[in-house]
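Notes to accompany the following structure.
Quick caveat, the model's predicted, so the values are computed rather than measured.
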Amino acid sequence: STFALAVGDFDILDFGNLEVTSSYNGNFCESVPVRVIGCKSDMSRMSPVTHHYVTAALKSATEILGPYPLPKLDIVIVSQYFSGLGLASPNLIFLSPSIFPPKGLEEDLSFLIKISHELCHSWFGILIGAKDWSEVWLSEGFATFLEDYVHHRALAIIGRAVPQALINLRAFVRLKSLCEEVDNVAEELQELRPMKGKKLTEESDDDTTSYVKHGMNPEAGLTQSHYLKGFFMLHYLKQIMEGEQCQTALDCDVVNSKFLNLIRQYFSKYKGELVDSTCFLSMFFDCQQLSDCRDENAMSIMHSWLDNPGLPSKIYMLTVHQCSELSLYKNVLDVKQEILQLSKCAKKNDSQLELYSTELIFSEQVVILFDQLLEASCDHRVLNTPLMKLLRRTYDKFILTNPDVGHLWCQLVLVNRTRCLYKDVENFLLNHQCMGVYLYSELAATTTKSLNKLLCSLYARLKDNLDPSMKSVIQGYLPG
């Protein structure tokens with residue numbers, strides 16, 4: 001991992017030395033200095049619930065993964081122009097202000113899972129790194145896999161426990177996102193081990209220079225394959241080891257989970273080292289628990305999951321993303337059906353519309369609803385202005401506090417050309433730069449002059465502060 005520094009005029013919230021414990025390999029107790037750092041406006045925006053979540057996530061991570069492997073934990077809230085939602089470095093985590101729900105709107109804490117993700121990098125990404133940076137799935141895949149465990153346990157610690165079925169809903173959304181990326185991204189960017197264990201070098205008379213494949217390609221930094229394909233591969237291995245009955249992260253006691261124990265052993269063995277994909281896979285197939293399971297081996301896993309583009313067929317059989325029998329998912333389908341029925345009869349001036357289906361109470365449900373409405377709207381505009389205003393009223397708190405929901409909402413506004421709600425798109429792009437790059441492409445693709453004008457206007461306002469890689473991508477969308 002790259003060593004990083006933060007310099008600025010910051011306010012500091014010092015939690016002091018936080019005591020954390022774990023019992024998976026014998027009881028231990030340690031004290032970790034924890035601070036949250038940011039500019040005055042961002043710090044004042046954070047709610048006490050967020051403060052509690054930060055400390056709970058650290059406690060959760062150490063309970064699951066073992067002793068915190070670094071001397072301290074500083075979390076810095078960075079500028080809204082930061083190109084990502086988070087970045088982990090030794091002792092220091094950078095987080096976008098987009099992650100934090102504002103005071104008074106703390107009902108939905110789902111986006112705080114990004115904090116858990118970055119914390120997991122303290123183990124996987126910092127203390128264990130990839131020999132070849134193109135195998136970044138060894139960092140991102142593991143952190144994405146583990147974030148569910150840490151997040152749900154952290155919510156329970158602060159008294160905000162949520163149903164474990166939300167893990168299935170998130171996996172359902174992740175699989176759809178991955179499938180869409182496979183359909184739209186160059187095949188060479190879908191490979192998790194593009195060098196297949198070889199080095200990319202250039203020899204000269206004086207020296208041999210090593211390179212990172214796709215290292216200078218800005219699009220490579222915007223893809224999700226290393227996160228999501230790695231996430232599903234680890235769930236596939238977990239399902240081989242523990243069986244289909246252990247469907248989600250919470251179905252197994254984390255202390256006694258065979259697969260989590262393997263991950264902890266992997267960390268203990270390679271802590272402080274650079275690894276490649278064969279290290280974990282070799283440990284996995286050396287396990288005594290797999291002595292009777294030889295349908296797969298390390299080479300077959302690398303061939304189907306890591307070395308080739310596309311998705312292996314076995315990804316669709318994983319239990320972690322199965323939702324059809326879950327009541328939380330069925331509620332989404334009921335609401336969707338009601339909205340589509342209303343779309344057939346709602347008049348353009350009908351301002352008294354209401355929804356009578358079961359209320360959707362989790363942002364993961366709203367993400368699926370908006371995504372499915374977006375699919376229905378792609379061929380033709382399904383939702384007229386009164387219906388869009390109804391959705392805005394009904395799901396306002398999610399749109400305002402959860403950037404995943406907000407991003408899908410902006411797509412719905414653009415696809416259905418709801419002019420009175422274009423301001424939502426503008427506000428989203430101004431406040432959530434790290435989430436907006438795909439919206440810029442949609443603004444560029446439209447033939448609507450007002451949206452083309454909005455694209456140019458936004459770029460003119462933001463260009464001096466944009467991250468260079470994101471600026472380069474957005475410039476490619478601007479009209480001649």
F124 side chain reached by L138 side chain, heavy atoms, under 4.5 Å: no
Electrostatic pair K114-E118, nearest N-O below 4.0 angstrom: no
Step-by-step side-chain hydrogen bond (donor to acceptor under 3.5 Å, both in side chains) determination, H117 to E140: CA-CA 9 Å; H117 178 96; E140 300 301 351; 3.0 Å; yes
Donor + acceptor pair across side chains of S357, N331 (<3.5 Å): no
Over 12 foreign heavy atoms within 6.0 Å of NZ, K463: no
Stepwise side-chain hydrogen bond (donor to acceptor under 3.5 Å, both in side chains) check, Q239 with T319: CA-CA 8 Å; Q239 191 163 303; T319 55; 3.0 Å; yes
Value rounded to 0.5 Å, distance of NE2 in H226 from CG in L306: 10.0 Å
L127 and S122: CA distance, side-chain angles, deciding distance, side chain to side chain contact (heavy atoms under 4.5 Å, CB included) verdict: CA-CA 6 Å; L127 264 293; S122 299; 6.0 Å; no
Backbone of Y422 reached by a side-chain donor or acceptor of E426 within 3.5 Å: no
Any I37 side-chain heavy atom under 4.5 Å of I77 side chain: no
Mutual orientation of the aromatic rings belonging to W409 and F370 [parallel < 30°, tilted 30-60°, perpendicular > 60°]: tilted
Pair I115-F100, side chain to side chain contact (heavy atoms under 4.5 Å, CB included): steps then yes or no: CA-CA 10 Å; I115 298 176; F100 303 100; 3.8 Å; yes
Main-chain N/O of H303 paired with N308 side-chain donor or acceptor, under 3.5 Å: yes
Polar side chain donor-acceptor pair, T446 to T448, under 3.5 angstrom: yes
Stepwise salt bridge (Lys or Arg N to Asp or Glu O under 4.0 Å) check, D74 with K72: CA-CA 7 Å; D74 283 341; K72 65 175 183 176; 3.3 Å; yes
Step-by-step side chain to side chain contact (heavy atoms under 4.5 Å, CB included) determination, Y68 to V34: CA-CA 12 Å; Y68 185 66; V34 180; over 6 Å; no
Taking every non-hydrogen atom, the tightest pair across S98 and L85: CB-CD2, 4.2 Å
N/O donor-acceptor pair under 3.5 Å between S79 side chain and Y81 backbone: yes
Short side-chain to backbone donor-acceptor contact, T418 and L414, under 3.5 Å: no
Exam field: side chain K103 to backbone S44, donor-acceptor pair closer than 3.5 Å: yes
Side-chain ion pair, R170 and E364, N-O less than 4.0 Å: yes
Salt bridge (Lys or Arg N to Asp or Glu O under 4.0 Å) between R392 and D424, intermediate numbers included: CA-CA 10 Å; R392 184 67 165 82; D424 284 350; 2.8 Å; yes
Mutual orientation of the aromatic rings belonging to Y53 and H151 [parallel < 30°, tilted 30-60°, perpendicular > 60°]: tilted
Derivation and outcome, salt bridge (Lys or Arg N to Asp or Glu O under 4.0 Å), residues R35 and D14: CA-CA 5 Å; R35 300 186 301 175; D14 193 338; 5.4 Å; no
Heavy-atom side-chain contact between L166 and F362 under 4.5 Å: yes
Aromatic Y227 / basic K229 pairing, under 6.0 angstrom, 45° off normal: no
Stepwise side chain to side chain contact (heavy atoms under 4.5 Å, CB included) test for L400 and V405: CA-CA 8 Å; L400 293 176; V405 176; over 6 Å; no
Evaluation steps, salt bridge (Lys or Arg N to Asp or Glu O under 4.0 Å), between K397 and D108: CA-CA 8 Å; K397 65 180 180 181; D108 175 28; over 6 Å; no
Backbone of L430 reached by a side-chain donor or acceptor of R461 within 3.5 Å: no
Nearest-0.5 Å distance that lies between atom CG in N168 and atom CG in L318: 11.5 Å
Parallel, tilted or perpendicular: rings of F259 and F145 (30°, 60°): perpendicular
Gap between atom CD1 of I93 and atom CG of L95 - 0.5 Å precision: 6.5 Å
Test log, rule side-chain hydrogen bond (donor to acceptor under 3.5 Å, both in side chains), inputs S343 and N384: CA-CA 7 Å; S343 71; N384 61 22; over 6 Å; no
Atom pair OG/CG of S457 and L451 - distance to nearest 0.5 Å: 12.0 Å
Nearest-0.5 Å distance, SG of residue C434 to CD1 of residue I99: 7.5 Å
N416 side chain vs V382 backbone, donor-acceptor pair below 3.5 Å: yes
Over 12 foreign heavy atoms within 6.0 Å of CD, E180: yes
Working for side-chain hydrogen bond (donor to acceptor under 3.5 Å, both in side chains), residues Y329 and Q365: CA-CA 7 Å; Y329 181 71; Q365 292 177 292; over 6 Å; no
R174 charged N/C atom sitting above F231 aromatic ring, 6.0 Å / 45°: yes
Atom pair OH/CG of Y459 and L443 - distance to nearest 0.5 Å: 14.5 Å
Expected output: side-chain S177 to main-chain V173 donor-acceptor under 3.5 Å: yes
Over 12 non-hydrogen atoms of neighbours within 6.0 angstrom of CZ in R160: yes
Residue pair Q224 / L178, side-chain heavy-atom distance below 4.5 Å: no
Residue that, paired with L112, satisfies side-chain contact (heavy atoms from CB on, under 4.5 Å) out of V54, T50, L155: T50
Heavy-atom check, side chain of K389 versus side chain of L353, under 4.5 Å: no
Sub-4.5 Å side-chain heavy-atom contact between I339 and L390: no
H321 side chain vs K176 backbone, donor-acceptor pair below 3.5 Å: no
Test item: side-chain donor near acceptor, W137 and S225, under 3.5 Å: no
Carboxylate-amine/guanidinium contact D9 K40, below 4.0 Å: no
K238 side chain near L260 side chain, heavy-atom distance below 4.5 Å: no
Side-chain donor or acceptor of Q322 paired with backbone N/O of V320 under 3.5 Å: no
Student check: side-chain heavy atoms of L175 and L228 closer than 4.5 Å: no
Pair F142 + F280: ring centers closer than 6.0 Å: yes
